[in-house]
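Here is the structure we will look at, set down as structure tokens.
The basis for the numbers below is simple: all heavy atoms, side chains too, and nothing from hydrogens, waters or symmetry mates. Lettering follows sequence order; numbering is per chain, from 1.
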Number of protein chains: 2
Amino acid sequence: MQIKIDNASTRPIYQQIIDQIKRDIALGRLKAADKLPTVRQLAAQLVLNPNTISKAYRQLEQDGIIVTRPGAGAYVAELSSNLSKSVRKKLLCEQIELLVVEAVHMQIDARTLGEWFDGTAKKFKFTDSEE
Amino acid sequence: MQIKIDNASTRPIYQQIIDQIKRDIALGRLKAADKLPTVRQLAAQLVLNPNTISKAYRQLEQDGIIVTRPGAGAYVAELSSNLSKSVRKKLLCEQIELLVVEAVHMQIDARTLGEWFDGTAKKFKFTDSEE
DNA sequence: ACATTTGTACTACTTCATATAGTACAAGTA
DNA sequence: TACTTGTACTATATGAAGTAGTACAAATGT
């Protein structure tokens, strides 16, 4: 596990850990059933309090991203979502709006933003389209 | 000004105000030189402390989104960005990554996400492309 | 069976962001 | 001059974030 904490960031540490684990899974670097570092291992490696790692793992388990078992460890779960399609669309579109608003205020034109979007999306392992 | 505060949201109130003013500008509902509500007006309307509104306005002025003058009021500024293109790209692409990671974990395929992205972007008034 | 490892739960504490409350002031407006 | 407006300041209360330390139940390895 290669996780980097940016202490200058306003983003909470436990959230940065969540971000990077979810990112590694979405990139395909972590796959279902892969073992994650133990809470104490990762805490030692990042020089953080174990409670902070535990908080990140707890949140990831809550969201169905990983499975944890005391004594065994933490493992990547199968991709799944218990949310309805409409709720997922609502959540994502809210995030898309914030992104687009930022782009407009940065005076980035629509074509350029679209290119950056496509270029970024290309790196990730999406679920197959249902066609 | 039509601003709605979601008290159930984890997003700070002053940030919600910033979000919605930037959104209205990006949508074209607010244009350069338009007058914003006074701090005390908006505080009374939303039943909030004037300091909270002031914090939002201060942040917006800091980001060059609005111009404020004591005695006169707050006005929408011209669109501009003092950031280099590379910094803007970095900031936006980080936000795009977070969005795409969320989409992958929600099992939304690339084509669907692209459609939602285009559909949302279409509503906003982008800077013209330089072609 | 036993010792170890692992995630979890809990309390206590510090620090910082958020939000409110109230006052005061300088600049612009009428 | 009287009023409005954004700003600055102090003080206070609340909650999140992070650290520190202890304890416990479940899984593992021997």
Side-chain angles (χ1 to χ4, degrees), chain A residues 1 3-22 25 30 32-77 98, chain B residues 1 3-22 25 30 32-77 98:
Chain A
M1 269 317 270
I3 291 186
K4 288 188 178 177
I5 301 303
D6 177 8
N7 291 103
S9 170
T10 62
R11 206 158 173 82
I13 296 175
Y14 79 94
Q15 188 63 57
Q16 293 186 41
I17 296 170
I18 292 173
D19 288 345
Q20 292 180 49
I21 290 177
K22 290 178 76 170
I25 294 173
L30 280 176
D34 279 358
K35 192 176 195 310
L36 293 171
T38 70
V39 168
R40 291 168 177 84
Q41 270 177 10
L42 197 51
Q45 176 187 327
L46 301 177
V47 196
L48 294 173
N49 191 290
N51 287 336
T52 304
I53 315 294
S54 181
K55 182 171 184 177
Y57 279 16
R58 203 182 321 139
Q59 177 78 49
L60 284 166
E61 174 149 51
Q62 185 78 26
D63 295 346
I65 311 287
I66 68 174
V67 177
T68 67
R69 273 177 309 147
Y75 299 85
V76 177
L98 288 176
Chain B
M1 270 315 269
I3 291 187
K4 288 189 180 178
I5 301 303
D6 177 8
N7 290 103
S9 170
T10 63
R11 207 159 173 82
I13 295 175
Y14 79 96
Q15 187 63 59
Q16 293 185 40
I17 295 169
I18 292 172
D19 289 344
Q20 291 180 50
I21 289 177
K22 290 179 75 170
I25 294 172
L30 280 176
D34 280 356
K35 193 176 195 309
L36 293 172
T38 71
V39 167
R40 292 167 176 82
Q41 270 176 9
L42 196 51
Q45 175 187 328
L46 302 178
V47 196
L48 294 173
N49 192 290
N51 286 336
T52 303
I53 314 294
S54 181
K55 181 171 185 178
Y57 279 17
R58 203 181 320 140
Q59 177 78 50
L60 284 167
E61 174 148 50
Q62 185 78 26
D63 294 347
I65 311 285
I66 69 175
V67 177
T68 67
R69 272 178 309 149
Y75 299 85
V76 177
L98 288 176

Kindly point out which of C:dT29, C:dT8, C:dA26 is positioned nearest to the side chain of A:R40? C:dT8
Using atom CG of A:N51 as one end and atom P of C:dT6 as the other, report the distance to the nearest whole Å. 16 Å
Just to confirm, is there a sub-4.0 Å distance from OP1 or OP2 of D:dT7 to any side-chain nitrogen or oxygen of B:T68? yes
Is there side-chain contact between B:I53 and B:T38, with heavy atoms separated by less than 4.5 Å? no
Within the pair A:S54 and C:dA9, is there a side-chain N or O less than 4.0 Å away from OP1 or OP2? no
Does a nitrogen or oxygen in the side chain of A:Y57 sit under 4.0 Å from OP1 or OP2 of C:dT8? no
Rounded to the nearest angstrom, tell me the gap between atom NZ in B:K55 and atom P in D:dC9. 15 Å
Please determine whether any donor N or O and acceptor N or O are separated by less than 3.5 Å between the side chain of A:R58 and the base of C:dG7. no
Hey, does B:Q15 reach any base, or is it just sugar-phosphate, or nothing, if we go heavy atoms under 4.0 Å? nothing
B:Q59 CD to C:dT18 C1', in whole Å, measures 14 Å
Could you tell me whether a side-chain N or O of A:D63 sits under 3.5 Å from a main-chain N or O of A:I65, the two making a donor and an acceptor? no
The residue among A:K22, A:Q15, A:Q16 that forms side-chain hydrogen bond (donor to acceptor under 3.5 Å, both in side chains) with A:D19 is A:Q15
Rounded to whole angstroms, how far apart are CD on B:Q62 and C1' on D:dG6? 15 Å
Can you tell me which nucleotide in C:dT8, D:dG18, C:dA19 comes closest to the side chain of A:P12? D:dG18
Return no unless some side-chain N or O of B:T38 is found under 4.0 Å from OP1 or OP2 of D:dT4. no
Relative to the 5' end of DNA chain D, which residue comes earlier, A:A72 or A:L48, by the nucleotide with the nearest heavy atom? A:L48
Rounded off to whole Å, could you give me the CD1-to-C1' distance for the A:I66 and C:dT6 pair? 13 Å
Output the single nucleotide from D:dA27, C:dT29, D:dT5 whose closest atom is nearest the side chain of B:R69. C:dT29
Between atom CD1 in B:I5 and atom P in C:dT20, what is the gap in whole Å? 10 Å
Between A:I17 and A:I5, is there a side-chain heavy-atom distance shorter than 4.5 Å? yes
Any donor-acceptor pair under 3.5 Å joining the side chain of B:N49 to the base of C:dA19? no
Hey, does B:L36 have a side-chain heavy atom less than 4.5 Å from the side chain of B:L30? yes
Spacing of B:I53 atom CD1 relative to C:dG22 atom C1', expressed in whole Å: 17 Å
Rounded to whole Å, how long is the line connecting atom CD of A:Q16 with atom P of D:dA16? 19 Å
Nearest to the side chain of A:Y14, which nucleotide is it out of D:dA17, D:dA27, C:dA26? D:dA17
Do A:R11 and A:D6 come within less than 4.5 Å of each other through their side chains, counting heavy atoms only? no
Is the shortest side-chain N/O distance from A:T10 to OP1 or OP2 of C:dA17 below 4.0 Å? no
